[in-house]
A.B. asks: 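This is the structure, below, for whatever I ask next.
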Amino acid sequence: MLDPRTLRRDPEEVARRLARRGHVLDLNLLADFERSRRDLQMRTETLQSERNQTSKAIGLARARGEDSAPMVEAMSNLRVRLDAAKQELTRVQAEYNEFLLHIPNIPSEEVPVGETDADNKELWRVGEPRNFEFPPRDHMAVGGALIDPEAAVRVTGSRFSVFYDELARLHRALIQFMIDIHVTHHGYREVYVPYIVNEDTMRGTGQLPKFEEDLFRVASDAKFYLIPTAEVPVTNLIKDQILDDASVPLKFVCHTPCFRREAGSAGRDTHGLIRQHQFEKVELVQIVRPSESWDALEELTGHAETVLKELELPYRAVDLCGGDLGFAAARTIDLEVWLPGSQAYREISSCSNFLDFQARRARIRWRNPETGRPEPAHTLNGSGLAIGRTMIAVMENFQQADGSVRMPPALRPYMRDLEYIL
RNA sequence: GGAGGGGUGGCUGAGCGGUCGAAAGCACUGGUCUUGAACACCAGCGAGGCUAACGCCUCCCAGGGUUCGAAUCCCUGCCCCUCCGCCA
């Protein structure tokens, strides 16, 4: 959520900056909401003040044994007006709030202008795509019988995966490998969290109310959802908390499965394991002082890159343009890994700074030692990395002419020291 | 599943239906003292919102209700704790 004060003080400026990501802010509607909210709130609070004074006076009069009947009479009249004003105020506030919850974050000034991923700006490349002495196959061909899409369809349906033997192991090994790096070398605290969360949590990180169609809803009395990323439960760990200065930055690493409806992606990436309804991810989450979030984004992106470097996978970093930016993000750096099977760079990590946008929604606050007052903290997260896509990248980049796959040295301790699999 | 107890400020924990946004302690901040620190003493110290300002409003788990007036009484829900049973 944007700071309502900023929105009120300079709506034109906010509208201008939101235009960078293609969001049209309805200034007339905003002005209407603001005016009626203000009128109603002032009227309601005046009546409340009267009520408080009168009932105090009644108490005093009775204590003195005086007649309070006229005041009680006045109260019943006042109550009718107050109830009406309050009801109207509650209604307007709810609508206003709903409006605010649908406004995306303001992109930072360095976000490239553009509408689609074609307008994203490449920042740097690391590693050289390997020269193959044979035509590289894609991961489905490399995996062969150890990937069983038919079984996945039998069990569930399309866009789910089944792996066997060394691939199941490789998948699990990547998770351990990544968590170990972030805990041992990057100072993250490992955390285990629920994979089902409530509505308020989904609202906190910005998935709701706008993107319900991307989520799997769980049938139960409460409104529960499967998490689309660990970002949701991990960031909300600190929901409603006030952090003292000594306890920040908080850095969490968390492995979870992720569940996505992929509602708008019918027909996209239907062939391999690139786009699934269920996939695993090792996620990095940071909660930091407001002044430190841009440095933290750089640092966090570097942490995700370390995994790619350790695995010797060629990749590039891309600055997402305004139109490609996620709802809650102020800036996002994507890491894209080279996939020889499709001769393209594909997203394998997405590192974002949300500034105070999520913190405001989830009421994650930090006590500023200078002022002694709480203010919204800043939140960030990034994949470190997406497991399924990393497995694809290893399979495709390290495939051999004989059909086997060489293990990157860093991964071997997690793979029984095997040099080759398959 | 059965029986009982409870949810109050960063924490612990008091709170006859009115003067309670809330005692007290801890923690924290400032001051005195000290070469410096600790100790001691003094003072301050919840969160959110509105207003140009004075100041006003809201919040004692959540939602309803009773009442002129609710942290305090009633109902419902959620959560936590203890005991019994059941399952692992």
Side-chain angles (χ1 to χ4, degrees), chain A residues 1-11 30-101 193-194 196-204 218 220-225 233 236-248 250 287 289 356-377:
Chain A
M1 193 151 76
L2 299 180
D3 182 359
R5 260 175 290 232
T6 311
L7 206 51
R8 200 177 305 146
R9 198 180 318 116
D10 202 351
L30 177 66
D32 282 351
F33 272 133
E34 191 44 37
R35 188 172 31 73
S36 48
R37 189 228 91 227
R38 183 194 151 106
D39 291 351
L40 282 165
Q41 183 167 347
M42 287 177 73
R43 193 182 341 143
T44 304
E45 290 185 359
T46 307
L47 291 170
Q48 283 178 148
S49 179
E50 259 181 69
R51 178 203 57 194
N52 293 346
Q53 282 173 25
T54 309
S55 63
K56 238 173 233 183
I58 290 171
L60 281 166
R62 292 209 177 157
R64 285 200 221 96
E66 295 167 6
D67 178 22
S68 61
M71 286 188 284
V72 174
E73 175 64 26
M75 268 299 246
S76 73
N77 175 301
L78 194 148
R79 179 140 73 146
V80 174
R81 288 187 293 152
L82 175 58
D83 284 350
K86 203 169 182 174
Q87 199 181 348
E88 189 65 4
L89 176 64
T90 306
R91 209 204 76 226
V92 168
Q93 274 175 336
E95 283 176 19
Y96 191 9
N97 196 251
E98 193 65 11
F99 171 73
L100 293 175
L101 285 174
V193 296
I196 295 177
V197 300
N198 62 35
E199 221 184 339
D200 189 57
T201 293
M202 281 294 185
R203 222 192 320 270
V218 176
S220 63
D221 295 343
K223 259 206 170 188
F224 285 157
Y225 297 87
N236 279 285
L237 247 29
I238 317 299
K239 181 166 73 175
D240 288 312
Q241 304 293 304
I242 300 176
L243 299 166
D244 53 54
D245 191 55
S247 64
V248 290
L250 291 175
I287 296 172
R289 292 182 192 93
D356 61 2
F357 189 85
Q358 293 181 327
R360 204 179 295 284
R361 290 177 161 237
R363 300 164 302 278
I364 298 169
R365 290 163 298 173
W366 156 80
R367 193 177 296 281
N368 185 335
E370 310 250 311
T371 62
R373 313 214 67 88
E375 44 187 276

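Every chain is numbered from 1, with letters handed out A, B, ... down the list of sequences. FYI, side chains are in, hydrogens and waters are out, and symmetry mates aren't considered; it's all heavy atoms of this structure.
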A.B. asks: With 3.5 Å as the limit, what N/O pairs link the protein to nucleotides 69-73 of chain B?
C.D. replies:
| from | atom 1 | to | atom 2 | distance (Å) |
| --- | --- | --- | --- | --- |
| B:rG69 | OP1 | A:Arg79 | NH1 | 3.4 |

A.B. asks: State whether A:Glu95 and A:Arg91 are salt-bridged, where the test is any N-O pair (Lys NZ or Arg NE/NH1/NH2 against Asp/Glu carboxylate O) under 4.0 Å.
C.D. replies: yes

A.B. asks: Can you identify which nucleotide, out of B:rG18, B:rC56, B:rA47, has its nearest atom closest to the A:Ile58 side chain?
C.D. replies: B:rG18

A.B. asks: Could you check A:Gly59 against A:Glu50 and say which one's nearest nucleotide on RNA chain B is further toward the 5' end?
C.D. replies: A:Gly59

A.B. asks: Under 4.0 Å between any heavy atoms, over every strand shown, what does A:Pro374 touch: base, sugar-phosphate, or nothing? Just pick one.
C.D. replies: sugar-phosphate

A.B. asks: Between A:Glu375 and A:Arg365, is there a side-chain N and carboxylate O pair less than 4.0 Å apart?
C.D. replies: no

A.B. asks: How long is the line joining CG of A:Asn368 and C1' of B:rA47, in whole Å?
C.D. replies: 16 Å

A.B. asks: Taking the same atom, P, in B:rA62 and in B:rG1, what whole-Å distance lies between them?
C.D. replies: 26 Å

A.B. asks: Of all the nucleotides listed (B:rG10, B:rC57, B:rU51), which has the minimum atom distance to the side chain of A:Met42?
C.D. replies: B:rU51

A.B. asks: In whole angstrom, give me the gap between the P atoms of B:rC56 and B:rA38.
C.D. replies: 39 Å

A.B. asks: Rounded to whole angstroms, how far apart are CZ on A:Arg43 and P on B:rC57?
C.D. replies: 18 Å

A.B. asks: By the 4.0 Å heavy-atom rule, please label A:Arg37 as base, sugar-phosphate, or nothing.
C.D. replies: sugar-phosphate

A.B. asks: So does A:Arg37 pair up with A:Asp32, basic N to acidic O under 4.0 Å?
C.D. replies: no

A.B. asks: Taking atom P of B:rG64 as reference, at what distance in whole Å does atom NZ of A:Lys86 sit?
C.D. replies: 9 Å

A.B. asks: Heavy atoms, side chains only, cut-off 4.5 Å: are A:Glu199 and A:Phe224 in contact?
C.D. replies: no

A.B. asks: Without decimals, in angstroms, what is the distance between A:Gln93 CD and B:rC57 P?
C.D. replies: 16 Å

A.B. asks: Classify the ring geometry between A:Phe33 and A:Phe99 as parallel (under 30°), tilted (30 to 60°) or perpendicular (over 60°).
C.D. replies: tilted

A.B. asks: With respect to the phosphate group of B:rG46, does any side-chain polar atom (N or O) of A:Arg367 fall under 4.0 Å of OP1 or OP2?
C.D. replies: no

A.B. asks: Please report the interatomic distance CD1(A:Ile242) to OG(A:Ser247), rounded to the nearest 0.5 Å.
C.D. replies: 11.0 Å

A.B. asks: Could you measure between the two C1' atoms, the one in B:rU8 and the one in B:rG46, and give it in whole Å?
C.D. replies: 12 Å

A.B. asks: Heavy atoms only, 4.0 Å cut-off, all strands: where does A:Asp244 land among base, sugar-phosphate and nothing?
C.D. replies: nothing

A.B. asks: Please measure how far the C1' atom in B:rG69 lies from the corresponding atom in B:rG18, and state the result in whole Å.
C.D. replies: 7 Å

A.B. asks: Between B:rG17 and B:rU72, how far apart are the C1' atoms? Round to whole Å, please.
C.D. replies: 7 Å

A.B. asks: Mind calculating the distance between CD (A:Glu370) and P (B:rC28) to the nearest angstrom?
C.D. replies: 19 Å

A.B. asks: With both distances under 3.5 angstrom, what nucleotide forms a Watson-Crick or G-U wobble pair with B:rA88?
C.D. replies: none

A.B. asks: Quickly work out the A:Asp83 CG to B:rG64 C1' distance and round it to whole Å.
C.D. replies: 14 Å

A.B. asks: Can you tell me if A:Arg373 touches the phosphate of B:rA47, counting only side-chain N or O atoms and a distance under 4.0 Å to OP1 or OP2?
C.D. replies: yes

A.B. asks: I need the CG-P distance between A:Asp39 and B:rC56, as an integer number of Å.
C.D. replies: 21 Å

A.B. asks: Determine whether A:Arg373 and A:Asn368 make a side-chain contact, defined as any pair of heavy atoms from C-beta on separated by less than 4.5 Å.
C.D. replies: no

A.B. asks: Between B:rG25 and B:rG15, how far is it from one C1' atom to the other, in whole Å?
C.D. replies: 15 Å

A.B. asks: Given the P atoms of B:rC61 and B:rA14, what is the spacing between them in whole Å?
C.D. replies: 15 Å

A.B. asks: Determine whether a donor-acceptor pair (one donor, one acceptor, N or O, separation below 3.5 Å) exists between the side chain of A:Gln41 and the base of B:rG49.
C.D. replies: no

A.B. asks: Judged by each residue's nearest nucleotide on RNA chain B, which is more toward the 5′ side, A:Val72 or A:Thr44?
C.D. replies: A:Thr44

A.B. asks: Whether A:Thr54 contacts B:rC68 is assessed here as follows: a side-chain N or O lying under 4.0 Å from the phosphate OP1 or OP2. Is that the case?
C.D. replies: no

A.B. asks: Pairing check on B:rG63: which nucleotide meets the Watson-Crick or G-U wobble criteria with it, both distances under 3.5 Å?
C.D. replies: B:rC75

A.B. asks: Quick one: A:Glu199 CD to B:rA62 P, roughly how many Å, whole number?
C.D. replies: 18 Å

A.B. asks: Could you tell me how far B:rA47 sits from B:rA23 if I compare only their P atoms? Round to whole Å.
C.D. replies: 15 Å

A.B. asks: Does a salt bridge link A:Asp200 with A:Lys239, judged by any charged N lying under 4.0 Å from a carboxylate O?
C.D. replies: yes

A.B. asks: Under a 3.5 Å limit for both distances, which nucleotide forms a Watson-Crick or G-U wobble pair with B:rG4, could you say?
C.D. replies: B:rC81

A.B. asks: Examine B:rU58: is either OP1 or OP2 under 4.0 Å from a nitrogen or oxygen in the side chain of A:Asn52? Give yes or no.
C.D. replies: yes

A.B. asks: Applying the side chain to side chain contact (heavy atoms under 4.5 Å, CB included) test to A:Pro233, which of A:Thr201, A:Ile196, A:Val197 qualifies?
C.D. replies: A:Val197

A.B. asks: Are A:Arg367 and A:Asp245 ion-paired here, with the side-chain N under 4.0 Å from a carboxylate O?
C.D. replies: no

A.B. asks: Any strand is fair game: report the nucleotide pairing with B:rC54 by Watson-Crick or G-U wobble, both distances under 3.5 Å, or none.
C.D. replies: none

A.B. asks: Is there a Watson-Crick or G-U wobble partner for B:rC41 with both distances under 3.5 Å, and which nucleotide is it?
C.D. replies: B:rG31

A.B. asks: Checking all strands, does A:Arg8 fall into the base, sugar-phosphate, or nothing category for heavy-atom contacts under 4.0 angstrom?
C.D. replies: sugar-phosphate

